[in-house]
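Have a look at the structure below before the remarks.
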Amino acid sequence: MPPKSLFARCLMAASLMLLPLTASRAEVKVEHIKVHSQAVEGNLEGNSADRDVIVFLPEDYATSAKRYPVVYFLHGFMGSAEGYDKYIGFADALNTAEAKNRQAILVVPDSNSRHGGSMYSSSPTTGNFERFIAQDLVAYVDKHYRTLAKQESRGLSGHSMGGYGTLRIAMKYPGVFSSIYAMSACCLSARPVDAERSQRLEAMSMDEALKGDFGVRADFAAASAWSPAPDKAPFYLDLGTQKGVVQPQIIAQWAANAPLAMAPQYLPALKSLKAIAIDVGDKDTLIKDNGDMAKLLDRMGVAHSYTVYGGDHGNRVRERFRAFVLPFFAEHLAKD
């Protein structure tokens, strides 16, 4: 065989030098699993107790024996775990993050329901989704993966309805999570009632309700979660009016589920958290409620960070997950 030219030998040498560099960097492993939740069993809407969950394992998970912190991320209303994966691109976010920001397991559970969202609340109508997240899911992940199974190494985050769920669950289940990041949280203030609108909802059939617009779906989802009525088939809920008359006791039930009303009752839980972050876009219609939440935490002496950025409810969530959420948990979660 004739000797290779100098150029060919150099090219081959360069290729061999580059090969380990391109092959050595593994990517996160993505697992799609089902997690059974006793807390969701037997709900009146028939929402499945076998919940879809996406798990993102660090690139070195398969080749090491170490244990990892865990970040749980809650999707928004009318969303799903799969939908938010497409929306945010979790695997890509982890694969392109700085090394220090990708050394955690990321868990994204599906908490959709008949009306488009469980509100991460506890209701005989929808099921107990707050306990699904804080107990059933955490226990499953700790049992089946190499986690650092302690509060200091668990974080909770979410967007919109998921931001609401983040704050709610952190308050109601102290000792599970140490750091939380609520993105553009919805539902922070007491839900109002429009008597005329509510009367139209009263007249709807189930088929009409399920085909309704975003607002209609949200009204039924909120009522399912916060004013359940096990004796009122087929919806099993109370709306804000009955035959057009506003029902003050139902409005009170809704208000009791608003974090702006809940927070003063859960100060020990909030103050036990190592880190709290809240952000919202300056063009988001939820900016007032998020600002009011930050002011309330200030008044109550709860340490937190609050950021208003240029954007609306969803146009910068993908970017901010990469630039702020991942670094936040890398900084605050214990790694051993």
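Heads up: numbering here begins at 1 and tracks the sequence.
- Partner of W226 under the ring pair (Phe, Tyr, Trp, His ring centres under 6.0 Å) criterion, chosen from F220, Y164, W254: Y164.
- The shortest side-chain heavy-atom distance between L210 and H115 falls under the 4.5 Å cut-off.
- A donor-acceptor pair shorter than 3.5 Å cannot be found between the side chains of Q265 and K172.
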Could you walk me through whether R299 and L297 satisfy the side-chain contact (heavy atoms from CB on, under 4.5 Å) test, starting with their C-alpha distance in whole Å, then the side-chain angles of each, then the deciding distance to 0.1 Å, before giving a yes or no? CA-CA 5 Å; R299 285 181 53 216; L297 294 179; over 6 Å; no

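- F129 is not connected to L44 by any chain of hydrophobic side-chain contacts under 4.5 Å among Ile, Leu, Val, Met, Phe, Trp and Tyr, and they are in different clusters.
- No donor-acceptor pair under 3.5 Å is formed between the side chain of N112 and the backbone N or O of M78.
- For the pair G281 and V308, the tightest heavy-atom approach, listed with the atom from each and the gap, is C-CG1, 4.4 Å.
- Looking at E82 and I54, their side chains come closer than 4.5 Å, going by heavy atoms from C-beta outward.
- Shortest non-hydrogen contact noted between A221 and G117 is CB-O, 3.7 Å.
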Identify all side-chain donor-acceptor contacts of residues 175-187 below 3.5 Å with residues at least two apart in sequence or on another chain.
{"from": "S178", "atom 1": "OG", "to": "Q151", "atom 2": "O", "distance (Å)": "3.2"}
{"from": "S178", "atom 1": "OG", "to": "E152", "atom 2": "O", "distance (Å)": "3.3"}
{"from": "S178", "atom 1": "OG", "to": "R154", "atom 2": "O", "distance (Å)": "3.3"}
{"from": "Y181", "atom 1": "OH", "to": "D279", "atom 2": "OD2", "distance (Å)": "2.9"}

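- Counting only heavy atoms from C-beta outward, the side chains of K274 and H332 approach each other to under 4.5 Å.
- Hydrophobic clustering places I169 together with Y72 (ILVMFWY residues linked when any side-chain heavy atoms are closer than 4.5 Å, directly or through intermediates).
- Below 30°, between 30° and 60°, or above 60°: for Y140 and H144 the angle between ring planes is below 30°, a parallel geometry.
- A donor-acceptor contact shorter than 3.5 Å links the side chain of N43 to the backbone of N47.
- Aromatic ring centres of F321 and F73 lie closer together than 6.0 Å.
- In this structure, K295 and D292 have side chains that are in contact, with non-hydrogen atoms separated by less than 4.5 Å.
- Contact check for K211 versus D207: side-chain heavy atoms found under the 4.5 Å cut-off.
- A salt bridge is defined here as a Lys NZ or Arg NE, NH1 or NH2 lying under 4.0 Å from an Asp or Glu carboxylate O, and D92 with R322 meets this definition.
- A donor-acceptor contact closer than 3.5 angstrom links the side chains of E45 and S224.
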Just list the side-chain donor-acceptor pairs under 3.5 Å for residues 188-195, sequence neighbours left out, or say none.
{"from": "S189", "atom 1": "OG", "to": "D289", "atom 2": "OD1", "distance (Å)": "3.4"}
{"from": "S189", "atom 1": "OG", "to": "D289", "atom 2": "OD2", "distance (Å)": "2.8"}
{"from": "R191", "atom 1": "NH2", "to": "D219", "atom 2": "OD1", "distance (Å)": "2.6"}
{"from": "D194", "atom 1": "OD1", "to": "E196", "atom 2": "N", "distance (Å)": "3.1"}
{"from": "D194", "atom 1": "OD1", "to": "R197", "atom 2": "N", "distance (Å)": "3.1"}

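- In this structure, the side chain of S123 does not engage the main chain of P228 through any donor-acceptor pair within 3.5 Å.
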With salt bridge (Lys or Arg N to Asp or Glu O under 4.0 Å) as the test, would you mind laying out the steps for K66 and D336 before giving the verdict? CA-CA 9 Å; K66 68 182 180 182; D336 51 31; over 6 Å; no

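- Of all heavy-atom pairs spanning S48 and V40, the tightest one is O-CG1, 3.6 Å.
- In summary, R168 and E130 engage in a salt bridge, as defined by a charged side-chain N under 4.0 Å from a carboxylate O.
- In this structure, CG on L239 lies 5.0 Å from OG on S198, to the nearest 0.5 angstrom.
- Panel note: side chain E202, backbone G244; a donor-acceptor pair is recorded below 3.5 Å.
- V108 and F56 get closest at one heavy-atom pair: CG2-CE1, 3.9 Å.
- Under the 3.5 Å distance criterion, the side-chain polar atoms of S111 are left unmatched by any main-chain donor or acceptor of Y120.
- Within 6.0 Å of the NZ atom in K335, the count of heavy atoms belonging to other residues, nucleotides or ligands exceeds 12.
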Does V280 form a side-chain contact (heavy atoms from CB on, under 4.5 Å) with I278? I'd like the steps, not just the answer. CA-CA 7 Å; V280 67; I278 299 171; 5.8 Å; no

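- Remark: the backbone N or O of T63 is not paired with any side-chain donor or acceptor of D60 at under 3.5 angstrom.
- The backbone N or O of I287 lies less than 3.5 Å from no partner atom in the side chain of D284, so there is not a single donor-acceptor pair.
- Considering every non-hydrogen atom in both D85 and A91, the closest pair reads OD1-N, 4.3 Å.
- Rounding to the nearest 0.5 Å places CZ of F328 at 6.0 Å from OG of S305.
- Side-chain contact between N290 and M293 is absent, with no heavy-atom pair separated by less than 4.5 Å.
- A chain of hydrophobic side-chain contacts below 4.5 Å, direct or via other Ile, Leu, Val, Met, Phe, Trp or Tyr residues, connects V107 to Y173.
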Using the rule given for side-chain contact (heavy atoms from CB on, under 4.5 Å), can you reason through Y145 versus R67, listing the C-alpha separation, both sets of side-chain angles and the distance that settles it, and then say yes or no? CA-CA 8 Å; Y145 296 94; R67 294 185 173 272; over 6 Å; no

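- The backbone N or O of Q38 lies less than 3.5 Å from a partner atom in the side chain of D136, making a donor-acceptor pair.
- At distances below 3.5 Å, at least one donor-acceptor pair connects side-chain atoms of H304 with backbone N or O atoms of V302.
- Summarising the geometry, atom NZ belonging to K232 is positioned 5.0 Å from atom CD belonging to Q242; distances are rounded to the nearest 0.5 Å.
- Residues P58 and I105 share a closest heavy-atom pair of CD-CG1, 3.8 Å.
- Taking the ring centre of F77 as origin, the terminal cationic atom of R217 falls outside the region bounded by 6.0 Å and 45° from the ring axis.
- A salt bridge links E31 to K29: at least one charged side-chain nitrogen sits closer than 4.0 Å to a carboxylate oxygen.
- To the nearest 0.5 Å, atom CZ of residue F329 and atom CG of residue L106 are 9.5 Å apart.
- The environment of NZ in K150 is crowded: more than 12 heavy-atom neighbours from other residues, nucleotides or ligands sit within 6.0 Å.
- Counted by atom type alone, H75 and Y87 present zero donor-acceptor pairs between their side chains at under 3.5 Å.
- At distances below 3.5 Å, not a single donor-acceptor pair connects side-chain atoms of S160 with backbone N or O atoms of G162.
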Can you check side-chain contact (heavy atoms from CB on, under 4.5 Å) on L260 and L296, steps first, answer last? CA-CA 7 Å; L260 283 167; L296 179 61; 4.0 Å; yes

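- Side-chain contact of S227 with D238: a donor-acceptor pair under 3.5 Å is absent, judged by distance alone.
- Residue I276 holds its CD1 atom at 10.5 Å from NZ of K271, rounded to the nearest 0.5 Å.
- The line from CG of D231 to OH of Y236 is 10.0 Å long, rounded to the nearest 0.5 Å.
- One finds a salt bridge joining R51 and D110 here, because a Lys/Arg side-chain nitrogen approaches an Asp/Glu carboxylate oxygen to under 4.0 Å.
- A single hydrophobic cluster is seen to contain both V317 and L94, as judged by linkage of ILVMFWY side chains at heavy-atom distances under 4.5 Å, directly or through other members.
- Applying the 6.0 Å contact sphere to NZ of K288 captures no more than 12 heavy atoms from other residues, nucleotides or ligands.
- T147 and D142 form a side-chain donor-acceptor contact under 3.5 Å, judged by distance and modelled atom types alone.
- Between S122 and R131, the closest side-chain pair of non-hydrogen atoms is not below 4.5 Å.
- Within the 4.5 Å cutoff, the side chain of P109 has heavy atoms near those of the L74 side chain.
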